[in-house]
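Reading through the structure tokens given below for one structure.
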Amino acid sequence: MKIDLTWFMRVAGIIGALFIGGLTVASSQVVSSNDASPTLYAYCQQFQILYIRIREQTITPDSARLQFSHIMHGLQDRFHSQESYRQDSLQQDSLRRTGLYFSFPIRGYTTSAIGGTHGEGYRGRGFDLFDYNVRGSHPAQDIFIADRNQNIIDDATGKPADILSMSNGLVLAIETDWKPGSEYRGGNWIWVYDPILNGLFYYAHNNEVTVRPGQWVASGQKLAEMGRTGFNAYKTRSPTHLHLMYLQIQPNGLPAPLNTYQWLLAAKLTKK
Ligand SMILES: [Zn+2]
């Protein structure tokens, strides 16, 4: 099926403009969490707080699930209340199948940088976003750069490697303060909500994060510079890489991991 790109670009443009306008207002106001209709920025704050509570295990998995689905339904309602935003499931499905929608998430790199030979690094079974103690799954693709001495400088360019947003979306939450010795596995991470797909992209192990919560990012826009942050990623046995996860939000507001391998194969490449 062919996707109507003109339609898509128009929608993306309108949404982008709406949110740039909306967010300027949001970020200059003191946001009240009791407001009947929270701003987008308030959802970002709620998500950031919730995700950190999950990581620090100061919330039970069941309470976390409840809060998460509440935030996701709220975000979805905010975006879908825009007339230009409504679309049927057929259009959504087409978007997900077309590579033109996605940008490869590392500048100057191609599909050969994806771990494994056929994307078999993805293991979705047993994943639970809400229970930090659950291990063993890897619902993600790892994408590697050439960095033999592990100084987070790309051997080919002599510069840090840019992490690019795979699609248009709203930066929900970031971590920028990971320190060596910390047991936290994701290091400096970024969560981006894509309202067209109604899903979340998670980019982990970054060095410098160059976006902020509440910011609208375009497909291919720089999010960060690749790093080695995170408990395992920091160790010498781990080659320098991006950990890329996508969670599809289900009708009940809860996330299900989805393998991005086919999207990566078809994604637009960005030159160095
Ligand atoms: Zn990984």
Side-chain angles (χ1 to χ4, degrees), residues 51-52 54-55 102-148 150-154 160-167 169 171-194 199-209 211 222-248 255-265 267:
Y51 189 63
I52 287 174
I54 293 168
R55 188 182 69 178
F102 298 106
S103 297
F104 196 78
I106 307 176
R107 189 191 305 283
Y109 277 79
T110 68
T111 52
S112 63
I114 303 169
T117 46
H118 301 99
E120 61 269 30
Y122 179 91
R123 298 186 308 278
R125 272 179 71 122
F127 173 71
D128 186 350
L129 179 70
F130 306 103
D131 189 343
Y132 201 74
N133 289 313
V134 171
R135 312 221 171 166
S137 69
H138 185 259
Q141 292 292 341
D142 288 335
I143 312 175
F144 297 84
I145 64 163
D147 178 20
R148 265 188 295 178
Q150 303 192 341
N151 65 349
I152 63 172
I153 298 295
D154 184 341
D162 287 345
I163 303 300
L164 309 177
S165 184
M166 275 201 73
S167 70
V171 179
L172 275 190
I174 59 171
E175 173 64 80
T176 57
D177 201 28
W178 188 90
K179 301 266 188 316
S182 161
E183 77 222 35
Y184 296 136
R185 302 192 288 272
N188 289 335
W189 39 255
I190 304 163
W191 285 97
V192 178
Y193 174 68
D194 178 328
L200 296 166
F201 284 96
Y202 171 77
Y203 305 82
H205 309 323
N206 303 292
N207 180 35
E208 185 99 17
V209 174
V211 290
K222 180 175 174 177
L223 300 174
E225 289 176 358
M226 188 184 284
R228 300 179 52 79
T229 60
F231 183 70
N232 291 316
Y234 188 69
K235 293 176 179 168
T236 314
R237 63 174 165 78
S238 174
T240 307
H241 68 280
L242 163 70
H243 174 96
L244 172 76
M245 175 170 73
Y246 175 80
L247 301 176
Q248 184 61 54
L258 193 147
N259 192 348
T260 57
Y261 187 61
Q262 295 301 327
W263 295 352
L264 288 167
L265 290 187

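Order of listing sets the numbers, starting from 1, for every ligand and every atom in it.
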Is the Zn ion (ligand 1) less than 2.8 Å from an N/O/S atom of His241, whether that atom is in the backbone or a side chain? no
Would you say OH of Tyr184 has more than 12 non-hydrogen atoms from neighbouring residues, nucleotides or ligands within 6.0 angstrom? yes
Atom name in Asp142, limited to N/O/S, at shortest distance from the Zn ion (ligand 1): OD1
For the Zn ion (ligand 1), which N, O or S atom of His243 is at the shortest distance? ND1
Kindly indicate whether the side chain of Ile143, heavy atoms from C-beta on, has any atom under 4.5 Å from the side chain of Leu264. yes
Check this for me, if you would: do Glu225 and Lys222 make a salt bridge, where the nitrogen-to-carboxylate-oxygen distance has to be below 4.0 angstrom? yes
Has Arg185 got its NZ or CZ under 6.0 Å from the middle of the six-membered ring of Tyr132, at an angle within 45 degrees of the ring axis? yes
